[in-house]
Amino acid sequence: MANTHNVTEFIFLGLSPSLEVQRVCFVIFLLLYTAIVLGNFLIVLTVMTSRSLGSPMYFFLSYLSFVDICYSSTTAPKLISDLLAARKAISLWGCMTQLFFMHFFGGTEIFLLTVMAYDRYVAICKPLNYTTIMNRQMCAILVGIAWVGGFVHSFAQILLLFNLPFCGPNVMDHYFCDLLPLLKLACVDTFLIGLLIVANGGTLSVVSFGVLLASYVVILLHLRTRSSEGRRKALSTCGCHVTVVILVFGPCIFIYLRPSTTLSADKLVAVFYTVITPLLNPAVYSLRNTEVKKAMKNLWIRTMKLGEK
């Protein structure tokens with residue numbers, strides 16, 4: 001960062017210039033962030049304490065919920081505190097740190113969703129070999145690959161930005177340090193770097209999404225030979241995963257499968273993938289999955305019994 005010149009911090013314009021709107025948003029986002037942390041933590045706790053949720057699918061689900069907590073925590077606390085602040089600023093190093101962890105956890109989530117699709121493929125298409133293939137060691141390896149993949153993706157993004165000079169202005173029309181708004185503030189031509197950044201994020205999104213689509217096409221073709229009851233159970237299980245995949249990949253594709261320019265809708269899309277998606281994930285898996293709902297009920301009963309003692 002030797003060529004950053006006189007810029008040591010960035011100023012956010014935030015979601016709205018209106019103080020009234022900011023106060024309302026403060027209450028809304030505080031409630032949403034609280035729900036994200038509690039909802040995803042409940043899933044992690046339920047999976048960890050329930051014997052009925054010992055399958056690899058729920059093992060991966062607990063990690064997905066943990067990643068959602070970390071992912072939303074990279075932007076939501078700063079957003080909430082800035083809504084009450086007269087001056088919304090972040091240091092240059094704070095900006096880079098926020099960017100790194102946001103893409104680290106975001107990339108890890110994408111890889112985890114791909115791993116979960118592979119788990120469903122093995123469970124449905126190779127049921128007799130499922131326990132052999134998806135043993136504890138394999139599950140741990142796949143989760144490790146997801147974490148490493150997220151790190152490599154994020155490191156590549158930050159490496160492209162690391163030596164960019166920022167000499168003013170330092171006002172960013174956003175509520176967190178995002179890649180494309182940051183490129184607009186650099187003092188050099190960032191066209192090539194913008195293409196590389198979009199290629200990095202776009203490649204990850206497209207390849208992962210393609211793998212997910214291919215796996216579910218194979219699953220659907222395989223289900224043609226199953227009984228109606230077998231198809232219903234399999235589709236119900238996969239339906240939750242497909243819903244989350246759409247929620248995650250929709251915004252990613254919107255951001256990265258276009259030229260490296262900022263649009264007025266980007267902040268709204270950013271709110272969706274940094275706040276709304278991590279909130280909907282636990283709702284989708286808990287409300288549409290009978291086993292998870294039953295395990296949560298049992299956890300509640302055990303907690304109440306402990307409280308009465």
Side-chain angles (χ1 to χ4, degrees), residues 10-41 64-65 67-85 87-90 94-95 97-110 113 154 157 171-185 197-198 201-202 204-205 209 243-258 260-285:
F10 297 103
I11 308 298
F12 297 136
L13 293 182
L15 293 175
S16 172
S18 170
L19 292 177
E20 291 76 12
V21 172
Q22 290 184 47
R23 293 191 186 100
V24 172
C25 287
F26 171 80
V27 175
I28 293 174
F29 284 107
L30 180 61
L31 293 174
L32 290 176
Y33 179 62
T34 302
I36 289 169
V37 174
L38 293 179
N40 283 288
F41 178 74
L64 181 67
S65 295
V67 170
D68 272 333
I69 294 174
C70 297
Y71 179 69
S72 62
S73 296
T74 61
T75 58
K78 175 65 175 170
L79 165 63
I80 293 168
S81 62
D82 279 349
L83 287 169
L84 296 182
R87 188 171 182 270
K88 304 168 178 56
I90 188 170
C95 179
T97 301
Q98 187 181 59
L99 266 173
F100 173 80
F101 282 106
M102 182 179 175
H103 283 268
F104 173 44
F105 292 122
T108 302
E109 179 164 2
I110 287 176
L113 288 172
S154 182
Q157 297 287 60
V171 178
M172 192 182 302
D173 187 14
H174 220 302
Y175 64 89
F176 68 92
C177 275
D178 206 0
L179 287 168
L180 301 185
L182 191 62
L183 287 180
K184 293 179 64 177
L185 301 180
I197 286 175
V198 169
L204 174 62
S205 300
F209 192 62
T243 303
V244 171
V245 165
I246 293 172
L247 291 173
V248 171
F249 280 90
C252 289
I253 291 172
F254 175 82
I255 293 294
Y256 288 109
L257 288 188
R258 59 180 171 86
S260 57
T261 56
T262 55
L263 301 177
S264 57
D266 283 359
K267 278 196 282 189
L268 293 177
V269 175
V271 168
F272 187 86
Y273 66 72
T274 59
V275 179
I276 305 301
T277 298
L279 176 65
L280 291 177
N281 285 358
V284 169
Y285 280 108

Output for pair (D173 CG, K184 NZ), nearest 0.5 Å, gives 7.0 Å

Tightest non-hydrogen contact, residues P77 and S72, listed as CD-O, 3.8 Å

Sorted by chain and number, sequence neighbours left out, salt bridge (charged side-chain N to carboxylate O under 4.0 Å, His left out) with K88 holds for none

Smallest heavy-atom separation, V275 atom then I36 atom, equals O-CD1, 3.2 Å

Rounding to 0.5 Å, atoms CG (N40) and CD1 (I69) come to a distance of 5.0 Å

Across all chains, not counting sequence neighbours, the side-chain contact (heavy atoms from CB on, under 4.5 Å) partners of I80 are F26, F29, L30, Y33

The complete set of salt bridge (charged side-chain N to carboxylate O under 4.0 Å, His left out) pairs with one or both residues in residues 69-79, sequence neighbours excluded, reads K78-D82

Would you say F41 has more than 12 foreign heavy atoms packed within less than 6.0 Å of its CZ?
-> no

Those residues at least two apart in sequence (or on a different chain) that pass disulfide bond (SG atoms under 2.5 Å apart) with C70 are none

Hits for side-chain contact (heavy atoms from CB on, under 4.5 Å) against V21, two or more places apart or cross-chain, chain-then-number order -> S16, S18, C25

Practice item. Check for a donor-acceptor pair, side chain of Y71 on one end and backbone N or O of T108 on the other, with a separation under 3.5 Å. Key: no

Across all chains, not counting sequence neighbours, the side-chain contact (heavy atoms from CB on, under 4.5 Å) partners of T75 are Q98, M102, F176, T274

Q: Using the side-chain contact (heavy atoms from CB on, under 4.5 Å) rule, take L183 and L179 through it: C-alpha gap first, then chi angles, then the decisive distance, then the call.
A: CA-CA 6 Å; L183 287 180; L179 287 168; 5.6 Å; no

Audit row: L15, L79, side-chain contact (heavy atoms from CB on, under 4.5 Å) steps and yes/no:
CA-CA 9 Å; L15 293 175; L79 165 63; 4.0 Å; yes

side-chain contact (heavy atoms from CB on, under 4.5 Å) evaluation trace for I197 with Q157 = CA-CA 6 Å; I197 286 175; Q157 297 287 60; 3.8 Å; yes

Sorted by chain and number, sequence neighbours left out, ring pair (Phe, Tyr, Trp, His ring centres under 6.0 Å) with F12 holds for none

Here the pair of heavy atoms bringing E109 nearest to L64 is CG-CD1, 3.6 Å

If you draw a 6.0 Å radius around CZ in F101, do more than 12 non-hydrogen atoms from other residues or ligands fall strictly inside?
no

Can you check whether Y175 reaches L83 side chain to side chain, under 4.5 Å on heavy atoms? no

T277 meets the side-chain hydrogen bond (donor to acceptor under 3.5 Å, both in side chains) criterion, sequence neighbours left out, with none

Distance col, row I11:CD1 vs L185:CG, nearest 0.5 angstrom, shows 11.0 Å

What one should report as the nearest heavy-atom pair of H174 and A270 is CE1-CB, 3.6 Å

Shortest non-hydrogen pair, K267 vs G14, comes out as NZ-O, 2.8 Å

Nearest heavy-atom approach of C177 to L99 is O-CD2, 3.0 Å

For V24, the side-chain contact (heavy atoms from CB on, under 4.5 Å) test, sequence neighbours excluded, returns I28

